[in-house]
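The structure appears right after this line, and notes come after that.
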Amino acid sequence: MILSHLDGILGRLTLRCYFITIIFILSIMKSSFLEVCAPSVILGAIEYVCVFFAILADLVVGVKKSCAAGAMCTSWGLRRTVDKISRYYLALISLSVVDVMLVSAGVVLRDTGGISVPIFPILTTFGAVGLALIEVKSIFERAEQKGDLSQAIHLVSDLLTRLGRKG
């Protein structure tokens, strides 16, 4: 009895999912969907490029500062930049996926006569602005203010020495 009841619920859910999918596909097939989403796609592309240029500017300024200080440019520092790019773009792609869902839902709501929702990739925009501001702050920081690996190692060894004396 319980299994037949669950089968009925799952069957109705499956039918609802098919119905929503058909409405979504019909909305996409309308030319208005592409007309509405084109500005959002262009804005997203501009945001991705701007974040890349902010990272690139931070890299160039960092290399110049290290050369001026007489420090050698190592592969470890460049590897950190590559790691930063991957972390930043992973965050942006995640925000973009959510924005695609929100924009698609807004288009479907508008096309089916529901409420009118602004079609704008808000999460990606805020994420890109936040990441660019982090890079601008990094450019204007002095090298002494940034965390240094040797300083971190010194602090950890000092902490372990103090813990060793107490134990």
Side-chain angles (χ1 to χ4, degrees), residues 1-65 74-142 145-149 152:
M1 171 132 173
I2 293 175
L3 289 177
S4 63
H5 183 65
L6 285 174
D7 282 341
I9 290 173
L10 289 176
R12 287 191 298 271
L13 283 175
T14 305
L15 286 175
R16 287 182 186 150
C17 289
Y18 286 141
F19 180 70
I20 291 170
T21 304
I22 290 170
I23 290 175
F24 180 68
I25 291 172
L26 290 175
S27 295
I28 290 176
M29 290 173 65
K30 290 183 177 182
S31 62
S32 67
F33 183 81
L34 295 176
E35 292 170 4
V36 167
C37 291
S40 295
V41 171
I42 292 170
L43 179 64
I46 291 170
E47 290 167 349
Y48 276 71
V49 170
C50 288
V51 167
F52 180 75
F53 282 136
I55 294 170
L56 192 62
D58 183 39
L59 174 65
V60 169
V61 169
V63 168
K64 284 185 179 181
K65 284 181 181 178
T74 63
S75 64
W76 180 75
L78 297 175
R79 207 173 319 132
R80 282 190 350 206
T81 300
V82 172
D83 182 53
K84 182 192 307 185
I85 290 172
S86 66
R87 284 182 288 121
Y88 281 12
Y89 277 101
L90 179 64
L92 277 179
I93 289 170
S94 300
L95 293 172
S96 296
V97 167
V98 175
D99 274 337
V100 166
M101 291 187 283
L102 292 173
V103 167
S104 300
V107 170
V108 169
L109 282 173
R110 193 186 64 196
D111 288 348
T112 57
I115 58 172
S116 180
V117 179
I119 310 298
F120 184 74
I122 189 115
L123 295 175
T124 305
T125 301
F126 282 141
V129 167
L131 293 174
L133 288 175
I134 289 170
E135 290 305 303
V136 168
K137 182 184 182 307
S138 176
I139 288 171
F140 288 111
E141 279 181 341
R142 291 193 315 266
Q145 293 174 335
K146 293 186 178 185
D148 188 12
L149 183 62

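Only this structure's heavy atoms are used, side chains among them; waters, hydrogens and symmetry mates stay out.
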- Task: For a side-chain contact (heavy atoms from CB on, under 4.5 Å) with Ile55, tell me which candidate from Ile85, Val82, Leu131 qualifies.
- Result: Ile85

- Item | Test side chain to side chain contact (heavy atoms under 4.5 Å, CB included) applied to Val51 and Glu47, step by step | CA-CA 6 Å; Val51 167; Glu47 290 167 349; 5.7 Å; no

- Task: Supply the atom-to-atom distance Leu92 CG to Thr124 OG1, rounded to the nearest 0.5 angstrom.
- Result: 7.0 Å

- Note on the structure: Of all heavy-atom pairs linking Ala132 and Ala54, the shortest is CA-CB, 4.3 Å

- Task: Decide side chain to side chain contact (heavy atoms under 4.5 Å, CB included) for Lys84 and Leu59; before the verdict, give the C-alpha distance in whole Å, the side-chain angles of both, and the deciding distance to 0.1 Å.
- Result: CA-CA 11 Å; Lys84 182 192 307 185; Leu59 174 65; over 6 Å; no

- Item | From Ser96 atom OG to Met101 atom CE, the distance as rounded to the nearest 0.5 Å | 11.0 Å

- Message: Looking at every non-hydrogen atom in both residues, tell me the closest pair between Leu123 and Leu102 and how far apart they are.
- Response: CD1-CD1, 4.2 Å

- Here the pair of heavy atoms bringing Val103 nearest to Pro121 is CG2-N, 4.5 Å

- Run the ring-centre check on Tyr48 versus Tyr89 and record whether the distance is less than 6.0 Å. yes

- Query: How many angstroms lie between atom CD1 of Ile134 and atom CG of Asp58, to the nearest 0.5 angstrom?
  - Reply: 11.0 Å

- Can Arg87 and Asp83 be counted as an ion pair, charged N to O under 4.0 angstrom? yes

- Under 3.5 Å: donor-acceptor pair, side chain of Ser94, backbone of Leu90: yes

- Message: Please determine whether side chain to side chain contact (heavy atoms under 4.5 Å, CB included) holds for the pair Phe126 and Leu95, giving the CA-CA distance in whole Å, both sets of side-chain angles, and the decisive distance to 0.1 Å.
- Response: CA-CA 9 Å; Phe126 282 141; Leu95 293 172; over 6 Å; no

